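Shown next, in structure tokens, is the structure this report addresses.
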Number of protein chains: 2
Amino acid sequence: MIDSAEPQSSLRRALGLLRLVGAAEAGGIRLKDLAEQAGCSQPTAHRALQDLAAEGFVEQIGKRYRLALDFFVLAARAGHADGLRDLAKPVLLRLSATLTDTIFLLVRNGYEAVCLDRIEGPFPIRSFTGDIGGKVPLGLGQGSLAILAHLPEAEREAVIRFNVPRLLDRGFLDEAGLRVELEKAREQGWVNLNTGLIPGMAGLGVPVFDAQGRAVAALSVGTLADRLRPERLPGVVAILKAEAATLGAMLNPFDTALRHPSRSLSSVA
Amino acid sequence: MIDSAEPQSSLRRALGLLRLVGAAEAGGIRLKDLAEQAGCSQPTAHRALQDLAAEGFVEQIGKRYRLALDFFVLAARAGHADGLRDLAKPVLLRLSATLTDTIFLLVRNGYEAVCLDRIEGPFPIRSFTGDIGGKVPLGLGQGSLAILAHLPEAEREAVIRFNVPRLLDRGFLDEAGLRVELEKAREQGWVNLNTGLIPGMAGLGVPVFDAQGRAVAALSVGTLADRLRPERLPGVVAILKAEAATLGAMLNPFDTALRHPSRSLSSVA
DNA sequence: CTCAATAATTCCGTTATATGAAATTTATTG
DNA sequence: CAATAAATTTCATATAACGGAATTATTGAG
């Protein structure tokens with residue numbers, strides 16, 4: 001309803017509906033509300049939803065629409081987009097095995113960091129990003145901060161401008177505090193904050209740089225504050241940084257592949 | 001190209017394109033090939049892709065289109081459909097902590113089982129379903145078999161009819177072998193196969209029943225064959241079955257909630 | 001570096017189909 | 001079991017989706 005620019009094409013409208021279905025509570029959403037929120041007539045919404053359902057993107061349980069599992073399956077492939085998730089899998093597994101803590105792989109996506117993968121440690125960790133597919137504003141959480149800190153200055157400033165209000169909203173750092181943390185992160189090359197969701201929890205994040213030296217992702221660890229005390233911290237930092245470097249190095253060849261893509265694409269099943 | 005029924009609406013066509021983008025190799029797919037595979041003109045594909053990109057469902061890297069991360073983020077919510085994933089999280093965490101093996105949560109989706117969640121154990125497991133969002137024909141893999149075995153007869157037969165060719169394709173059980181396994185699974189209430197992807201790996205699956213007693217999901221464990229030898233196996237079975245029962249019981253109340261949904265839905269942000 | 005060749009994008013007249021009002025059926029609620 | 005509200009269907013209309021053809025950009029070869 002806050003939308004100003006009305007999408008003009010039927011496709012845009014339908015995708016908006018799809019988004020609304022995704023945003024709905026777990027129980028699903030009714031046609032009436034959908035039409036209202038989308039600002040279109042009920043018949044229009046109805047037809048779009050029928051098509052969406054026919055293609056397996058939404059399902060209709062009784063009178064309520066929700067995202068279908070097929071959609072989930074299709075979208076899981078989006079994470080594979082640049083192969084990062086597959087490349088990072090062994091890295092995450094190694095980290096998980098070595099540190100026995102919860103490990104996160106975050107990627108930058110505009111003003112946010114998205115959790116691309118996560119391996120659970122023995123302690124249940126509540127992170128800002130939540131589960132796989134979750135996102136946070138850049139600047140909130142260790143990995144997210146690590147990415148932001150190492151962005152090119154102009155870009156970083158743009159993100160800060162955009163995100164500071166959102167961070168305040170969520171009751172965390174104000175701009176001054178954020179800048180202090182960013183400065184520290186840039187100096188150290190890693191982020192260690194104890195301002196987790198739960199007292200006693202802590203985390204550590206390091207940036208991952210691609211071939212062009214841009215901070216495109218982050219590896220991070222979530223654990224008990226106890227497990228990041230001075231005697232263990234440096235070791236964890238070293239391990240994380242090493243794996244981040246490994247991952248960054250693997251980003252190289254693939255990026256090259258993108259510039260000179262194989263033409264095996266035409267033979268898709 | 002095998003399609004017979006041409007979708008009549010522009011929306012169906014566009015969703016088909018989206019699906020093709022998802023099916024494309026990691027490097028993305030070009031407009032030309034997309035149009036060709038979808039059986040529509042290039043301008044049509046182009047316009048649809050522009051809209052898809054504008055809504056954040058696909059992204060254009062150079063001349064190639066791929067699924068966007070926004071899409072991934074949106075779809076993460078699809079797994080929450082009936083709240084199963086959230087409900088199961090503590091169950092998976094407990095299992096992971098108790099067994100220190102890789103734990104899978106599978107849900108039935110038509111003729112397939114979809115991996116809704118997965119917690120990594122210390123040994124890297126290659127499963128049929130692969131990662132979260134992966135799917136397998138019902139009947140392939142322990143959890144998948146567990147679900148199939150406990151479906152109502154008519155439904156089970158329908159699935160078998162449909163899936164046997166696909167199982168053969170993938171070089172696994174023929175119909176006779178499958179039926180033997182199903183019979184055993186039904187008698188035991190659990191599935192233990194050593195026909196994993198890698199020799200030396202094994203798995204164990206148990207069905208999860210909803211309030212109506214239908215096998216809607218499965219919990220399974222993937223580990224080293226060594227760790228499922230007779231002295232440990234019964235314990236693991238007992239633990240898995242207990243957690244499956246717990247999870248099944250939790251399915252109850254929510255199902256009720258679906259029948260009498262709260263009207264808090266109208267207040268979606 | 002220049003010149004094909006191929007793909008991406010834009011234009012445009014035509015037509016298919018997306019649209020909302022109104023009517024009809026189906027569910028929900030008091 | 002009414003009475004109300006939501007979901008669907010119908011239908012005449014207008015829109016925006018369509019593909020052929022033209023244009024521009026990209027890629028590859030000589």
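Computed from a predicted model, the values in this text were never measured in an experiment. Proteins come first, then strands; the chains are lettered A, B, ... in the order of their sequence lines, and each starts at number 1.
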A:Leu84 side chain reached by A:Leu247 side chain, heavy atoms, under 4.5 Å | yes

Taking 4.0 angstrom as the limit, do B:Arg64 and B:Glu59 come out as a salt bridge?
-> no

Should the pair A:Arg13-B:Glu55 be classified as a salt bridge under the 4.0 Å nitrogen-to-oxygen rule?
-> no

Measure from CD on B:Gln60 to C1' on D:dA25 and round the result to the nearest Å.
-> 13 Å

Interatomic distance, A:Leu49 CG vs C:dT19 P [rounded to whole Å] | 12 Å

So, are A:Arg108 and A:Glu155 salt-bridged, with charged N and O less than 4.0 Å apart?
-> yes

I'd like a list of close polar pairs between nucleotides 13-17 of chain D and the protein, N/O only, cut-off under 3.5 Å.
residue, atom, partner, partner atom, Å
D:dA17, OP1, A:Ser10, N, 3.1
D:dA17, OP1, A:Ser10, OG, 3.3

Of B:Phe57, B:Phe71, B:Phe72, which is the lone residue that meets ring pair (Phe, Tyr, Trp, His ring centres under 6.0 Å) with A:Phe71?
-> B:Phe71

Find every protein N or O atom lying less than 3.5 Å from an N or O atom of nucleotides 2-6 of chain D, and list the pairs.
residue, atom, partner, partner atom, Å
D:dA6, OP1, A:Lys32, NZ, 3.1

Mind calculating the distance between CZ (B:Arg64) and P (C:dA7) to the nearest angstrom?
-> 12 Å

To the nearest angstrom, how far is B:Tyr65 atom OH from C:dA7 atom P?
-> 14 Å

Any donor and acceptor pair, going by atom type alone, linking the side chain of A:Arg156 with main-chain N or O of A:Leu151 inside 3.5 Å?
-> yes

Does B:Phe104 have its ring centroid less than 6.0 Å away from the ring centroid of B:Phe128?
-> no

Salt bridge between A:Arg30 and A:Asp33, side-chain N to carboxylate O under 4.0 Å?
-> yes

Does A:His46 place a side-chain N or O at less than 4.0 Å from the phosphate oxygens OP1/OP2 of D:dT8?
-> yes

